[in-house]
2 protein chains.
Amino acid sequence: MTDGRTAQVHSGENLLFLTDEQLRQGIEAMFFAYRGFTADPDRILADMSYGRAHHRAIHFINRAPGTTVNNLLAILGVTKQSLNRVLRTLIADGLVESRVGNLDKRERHLYLTEAGHELEAQLSDAQRARMRAAFRDAGPEAVAGFRRVLEAMMDADMRRAYTRLRDTVG
Amino acid sequence: MTDGRTAQVHSGENLLFLTDEQLRQGIEAMFFAYRGFTADPDRILADMSYGRAHHRAIHFINRAPGTTVNNLLAILGVTKQSLNRVLRTLIADGLVESRVGNLDKRERHLYLTEAGHELEAQLSDAQRARMRAAFRDAGPEAVAGFRRVLEAMMDADMRRAYTRLRDTVG
DNA sequence: GAGTTTACGTCAGTCTTGTTGACATTCCAA
DNA sequence: TTGGAATGTCAACAAGACTGACGTAAACTC
């Protein structure tokens, strides 16, 4: 199971990129890159009394305006109690609006307010700037590969959520 | 700043992969993939009373045996107090050994015990299995691109830590 | 129409993991 | 040799995740 040479057994194809050493490098790259990925928004959020959880909520409400609480729960993969704490502060601070559903009055549909959009843009710009720099440095071929590997690394549920989101026309 | 068309201004090269939409997809892929990346070890750790922090410590102690606390701090990017709590439990549970330095008695050098190595292997196997599947699905070209983008996404400090680690001969 | 299910909110309590602040020990250099 | 810097430990606290229990309102089902 931990044998670094299994990959080389398959003769014919070159599977050297599947050695344990290559995998470990991939794992560590993922760890360090994720820190870079969140670093810039984290800095902005630290000044207000918000955290990464607020960022995630804001991102996906902006992404899918009018989403219900349940929907957001599924995307974020947290409990409603956890999300609720975050939403409560965002609503209290006037960044998010919660409207009772027309068809189903049990549902709450979530929207960003003007102020919410401003913060979203600020966080988004910071995160995109780094992603853009990384994409540009690496080039289009690399970006395509990056996406392919990430998608293969998701759980089935996540991939479904992600695909649904990706194909949503704003 | 938020103009999705900036990329298209540069005529000649095809920079369509740098549109805001592409960047957003990259950001979301990163978010979902990181969940998948940590999901399997997290499940194992949940059974014991350990968390992701313990996993990270164990990983890097295994990676660089004899590392000092300060060294580990720099790699993990947390405060020494935070790391210390984790280390204390790992040492108490007999997974990690802390030896006073020979040259500098202020330093503590960290090593995995037999039991520590066992847990490390268990966590590693789980995480590598998913990474291996993702790598195999995506293919070697994609993996190279994946690595290139991740490295471009790190901070300079992280890249230094990562490169140093990567080039370390166990 | 009564009973069940669904969607949402909330209170209370716990756990992990991050933070600061205070402190002991050891090393080193002026 | 003494004062500052470096290394690591202890204590207290905060954010954000979790579970469990409960309440309300609306929708669904028989």
Side-chain angles (χ1 to χ4, degrees), chain A residues 31 34-35 38-39 41-59 61 66-93 96-111, chain B residues 31 34-35 38-39 41-61 66-93 96-111 123:
Chain A
F31 169 70
Y34 197 78
R35 278 231 301 261
T38 56
D42 280 0
R43 258 189 293 274
I44 296 171
L45 290 157
D47 293 340
M48 344 185 154
S49 52
Y50 289 151
R52 207 174 287 174
H54 299 83
H55 181 193
R56 290 196 285 258
I58 287 174
H59 175 97
I61 292 172
T67 186
T68 63
V69 173
N70 242 0
N71 220 298
L72 199 51
L73 241 45
I75 293 170
L76 295 175
V78 295
T79 59
K80 62 174 178 176
Q81 293 90 331
S82 196
L83 176 58
N84 193 252
R85 186 176 352 92
V86 169
L87 278 182
R88 199 163 35 196
T89 69
L90 289 175
I91 291 168
D93 295 351
V96 167
E97 196 192 346
S98 166
R99 296 186 209 150
V100 173
N102 282 328
L103 280 87
D104 189 332
K105 286 177 187 165
R106 292 172 304 180
E107 295 179 340
R108 301 296 135 89
H109 298 274
L110 303 170
Y111 300 89
Chain B
F31 169 70
Y34 197 78
R35 277 229 302 258
T38 56
D42 280 358
R43 259 189 292 275
I44 296 171
L45 290 157
D47 294 340
M48 344 186 153
S49 52
Y50 289 151
R52 208 173 288 174
H54 299 85
H55 180 193
R56 290 197 284 258
I58 287 174
H59 175 97
F60 286 110
I61 292 172
T67 185
T68 62
V69 173
N70 235 5
N71 220 300
L72 200 51
L73 240 47
I75 292 169
L76 295 175
V78 295
T79 58
K80 59 181 176 173
Q81 294 89 332
S82 192
L83 174 59
N84 191 252
R85 190 179 341 95
V86 169
L87 281 181
R88 197 163 37 195
T89 69
L90 290 175
I91 291 169
D93 295 351
V96 167
E97 196 191 346
S98 165
R99 297 188 208 148
V100 174
N102 282 329
L103 280 86
D104 189 332
K105 286 177 186 165
R106 293 172 302 179
E107 295 179 341
R108 301 296 134 91
H109 298 273
L110 304 169
Y111 301 88
L123 295 170

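Small disclaimer: the values here were computed from a predicted structure and weren't measured.
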The residue, E107(B) or S49(A), whose nearest nucleotide of DNA chain D is more 5′ is E107(B)

Any base atoms under 4.0 Å from G77(A), or only sugar-phosphate, or nothing? Heavy atoms, all strands. sugar-phosphate

Given atom CG of L72(B) and atom P of dT7(D), what is their separation to the nearest angstrom? 14 Å

Under-4.0 Å side-chain N/O to phosphate OP1/OP2 contact, N84(A) with dC8(C): no

Closer than 4.0 Å, any side-chain N/O of R56(A) to the OP1 or OP2 of dA17(D)? yes

Rounded to whole Å, please give me the gap between CE in M48(B) and P in dC15(C). 18 Å

Is a side-chain donor or acceptor of R35(B) paired with a backbone partner of L76(A) at a separation under 3.5 angstrom? yes

Picking from dG8(D), dT10(C), dA17(D), the nucleotide nearest the side-chain atoms of K80(A) would be dT10(C)

Value in whole Å for how far the P atom of dC18(D) lies from CG of D47(B): 17 Å

Choose from dT7(D), dC8(C), dT17(C) the nucleotide whose nearest atom is closest to any side-chain atom of T68(A). dC8(C)

L45(A) CG to dG18(C) P, straight-line distance once rounded to whole Å: 17 Å

Between dA15(D) (P) and L83(A) (CG): distance, integer Å: 17 Å

Output the rounded distance in Å from CG (L76(A)) to P (dC18(D)). 10 Å

Polar side-chain contact Q81(B)-dG21(C) base: donor and acceptor under 3.5 Å: yes

Rounding to an integer number of Å, can you tell me how far I91(B) CD1 sits from dG8(D) P? 11 Å

Mind telling me whether F31(A) and F60(B) have parallel, tilted or perpendicular rings, with 30° and 60° as the class edges? tilted

Decide yes or no for Y50(A) and D93(A): does some side-chain heavy atom of the first lie under 4.5 Å from some side-chain heavy atom of the second? yes

Assert: residue with more 5' nearest nucleotide on DNA chain D, out of D104(A) and R85(A), is R85(A)

For dT10(C), does OP1 or OP2 lie under 4.0 Å from any side-chain N or O of R88(A)? yes

Counting C-beta onward and ignoring hydrogens, is there a side-chain heavy-atom pair between E107(B) and N70(B) closer than 4.5 Å? no

Using whole Å, what does the distance between atom P of nucleotide dG16(D) and atom OH of Y50(A) come to? 11 Å

Could you tell me whether the phosphate oxygens of dA15(D), OP1 or OP2, come under 4.0 Å of any side-chain nitrogen or oxygen in H54(A)? no

Min side-chain heavy-atom separation R108(A)-T68(A) under 4.5 Å: no

Heavy-atom donor-acceptor pair, R106(A) side-chain to dT6(C) base, under 3.5 Å: yes

Is there a side-chain polar atom (N or O) of T79(B) under 4.0 Å from OP1 or OP2 of dT19(C)? yes

The single option from V96(B), T89(B), L123(B), L87(B) passing side chain to side chain contact (heavy atoms under 4.5 Å, CB included) against H54(B): T89(B)

Closest approach to the side chain of K105(A), judged atom by atom: which nucleotide of dG8(D), dA26(D), dT26(C) is it? dA26(D)

By nearest-heavy-atom nucleotide on DNA chain C, the more 5' of L103(B) and R52(B) is R52(B)

